[in-house]
Amino acid sequence: MFQSREAAGRLLAEKVLAAEPENPLVLALGPAGVPVAAPVARALGCPLDPVFVKGIEAPGTPALAVGAVVDGAAREVLFEADSLAAAGLTQADCAAGVEACLAETAAARCRLLGGRAPQRVSGRTAILVADGLASGASARAALRALHNRGPLEIWLAVPVGPQEVVWKMRGMTDRLIFLEAPRDFRGAAAHYADFAPVGDDEAVRLLDELLARR
């Protein structure tokens with residue numbers, strides 16, 4: 001069990017540093033990923049940028065996600081063709097939902113980074129860091145978007161996730177680094193002594209501390 005997200009990040013940082021990524025850029029998956037990603041970025045001496053992912057809900061069926069919006073220098077809208085077909089929808093049917101997701105991810109970035117522009121991914125080893133995987137949907141969306149941004153390589157680094165989901169991520173990354181992948185996964189929170197929600201203030205503090213070091 002990890003004592004906290006930062007403690008898990010320190011353990012993860014050791015493995016990432018040993019792998020010697022070339023020209024690295026660490027990307028935290030949402031605010032909750034920032035405390036895990038910060039020790040990794042500190043160890044590598046590289047920038048840290050959050051990535052915000054918001055699922056696109058099917059009109060009239062909020063429980064069904066048919067795609068996702070991923071922010072960044074070029075915000076991307078990624079649809080799941082099978083989910084659209086199963087719901088009998090087209091991309092155009094989801095236009096209002098897409099606009100809402102774009103506005104939400106832009107607002108989230110503004111809260112954490114103010115007017116700072118997203119880091120460029122092109123030519124860098126993009127290392128996506130999350131506090132854990134469940135279904136892996138948000139991580140998959142972020143990885144899909146990163147493939148379109150010209151990285152040197154794409155790595156995924158997570159403290160914990162269900163074995164089946166972790167293995168499936170291998171096909172989407174150049175390198176996969178993890179600490180635990182139990183078969184009887186019961187949620188990321190079960191693997192942390194302290195898994196309190198990460199507020200914007202905490203994420204901003206960690207991001208500002210890293211920026212001040214550079």
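Residues: numbered from 1 along the sequence shown. The analysis underlying the following values was restricted to heavy atoms, covering all of them including side chains, and did not include hydrogens, waters or symmetry mates.
V98 and F79 make their closest contact through CG2-CZ, 3.8 Å (heavy atoms, listed as atom of the first residue, atom of the second, distance). Closest approach of P151 and L146 over heavy atoms only: CD-O, 3.1 Å. Minimum heavy-atom separation, G136 to V165: CA-CG1, 4.1 Å. Shortest non-hydrogen contact noted between N23 and G123 is ND2-O, 3.2 Å. Contact record, L17 with A43: CD1-O, 3.6 Å, taken as the closest heavy-atom pair. Of all heavy-atom pairs spanning P21 and L44, the tightest one is CG-CD2, 3.8 Å.
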- Going through the checks in order, is the side chain to side chain contact (heavy atoms under 4.5 Å, CB included) test met by F195 and R5? CA-CA 7 Å; F195 199 66; R5 287 180 176 86; 3.4 Å; yes
- Message: Could you go through E57 and L64, starting from their C-alpha distance and side-chain angles, then the distance that decides it, and tell me whether this counts as side chain to side chain contact (heavy atoms under 4.5 Å, CB included)?
- Response: CA-CA 6 Å; E57 298 173 349; L64 176 62; over 6 Å; no
- Run the side chain to side chain contact (heavy atoms under 4.5 Å, CB included) check on Q119 and V51 step by step: do they pass? CA-CA 10 Å; Q119 294 281 337; V51 174; over 6 Å; no
- So E14 and R10, salt bridge (Lys or Arg N to Asp or Glu O under 4.0 Å) or not? Walk me through it. CA-CA 7 Å; E14 294 177 7; R10 289 192 292 270; over 6 Å; no
- Message: Between L211 and R116, does the side chain to side chain contact (heavy atoms under 4.5 Å, CB included) criterion hold? Intermediate values first, please.
- Response: CA-CA 11 Å; L211 186 64; R116 296 205 295 269; 3.6 Å; yes
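Atoms NZ and CD1, from K54 and I56 in turn, are 10.5 Å apart once rounded to the nearest 0.5 Å. Of the inter-residue distances, the one linking L112 atom CG with D49 atom CG reads 10.0 Å to the nearest 0.5 angstrom. Note that CG of L176 and NZ of K168 are 14.0 Å apart. Values are rounded to the nearest 0.5 Å.
Between the Y192 side chain and the D131 main chain, a donor and an acceptor come within less than 3.5 Å of each other. The closest donor-acceptor contact from the side chain of D194 to the backbone of A196 lies under 3.5 Å. Judged by distance alone, the side chain of D71 and the main-chain N or O of F52 form a donor-acceptor pair under 3.5 Å. T105 places a side-chain N or O within 3.5 Å of a backbone atom of L102 that can act as its donor or acceptor partner. Side-chain atoms of R109 come within 3.5 Å of backbone N or O of P50 as a donor-acceptor pair. Put simply, the side chain of S4 gets close to the backbone of A7: a donor and an acceptor are under 3.5 Å apart.
At most 12 non-hydrogen atoms from other residues, nucleotides or ligands lie less than 6.0 angstrom from CZ of R120. Dense packing is recorded around NZ of K15, with more than 12 heavy atoms of other residues, nucleotides or ligands lying under 6.0 Å away. Annotation for Q3: atom CD does not count as buried by contact number, only 12 or fewer foreign heavy atoms lying within 6.0 Å.
Listed by first and then second residue, the ring pair (Phe, Tyr, Trp, His ring centres under 6.0 Å) pairs involving residues 138-175 are W167-F178 (not counting sequence neighbours). For residues 16-34, there are no salt bridge (charged side-chain N to carboxylate O under 4.0 Å, His left out) pairs, not counting sequence neighbours.
Between L27 and I127, every side-chain heavy-atom pair lies at or beyond the 4.5 Å cut-off. Residues P47 and R124 have side chains in contact (heavy-atom distance under 4.5 Å, counting atoms from C-beta outward). Taking the side chain as every heavy atom from C-beta outward, H191 and M1 never approach each other to under 4.5 Å. Side-chain contact between P159 and L11: absent, with no pair of heavy atoms (C-beta onward) separated by less than 4.5 Å. You'll find the side chain of T90 stays beyond 4.5 Å of the side chain of L84, heavy atoms only. Within the 4.5 Å cutoff, side-chain heavy atoms of R140 are placed close to those of M169. For the pair V66/C94, a side-chain contact is recorded, criterion being any heavy-atom separation below 4.5 Å from C-beta on. Between L156 and M172 the shortest side-chain heavy-atom distance does not fall below 4.5 Å.
In the hydrophobic clustering of this structure, L25 groups with V53; members are Ile, Leu, Val, Met, Phe, Trp, Tyr whose side-chain heavy atoms approach within less than 4.5 Å, directly or through other members. Linking Ile, Leu, Val, Met, Phe, Trp and Tyr whenever their side-chain heavy atoms come within less than 4.5 Å leaves F2 and V158 in two separate clusters. Connection of L12 to V166 is not established within any shared hydrophobic cluster, with ILVMFWY side chains joined at heavy-atom distances below 4.5 Å, either directly or through further cluster members. Residues L78 and I154 share a single hydrophobic cluster, defined by chaining ILVMFWY side chains whose heavy atoms lie under 4.5 Å apart. No continuous path of ILVMFWY side-chain contacts below 4.5 Å connects L133 to V40, so the two sit in separate hydrophobic clusters.
With respect to R149 and E76, a salt bridge is recorded, a charged nitrogen being found less than 4.0 Å from a carboxylate O. A salt bridge links E80 and R144; the closest N-O separation between the charged side-chain nitrogens and carboxylate oxygens is under 4.0 Å. Between D200 and R205, none of the side-chain N atoms (NZ, or NE/NH1/NH2) sits under 4.0 Å from a carboxylate O, so this pair counts as no salt bridge. Salt bridge absent: R111 and D201 never bring a charged side-chain N and a carboxylate O closer than 4.0 Å.
Remark: D82 engages no residue in a salt bridge (Lys or Arg N to Asp or Glu O under 4.0 Å) (not counting sequence neighbours).
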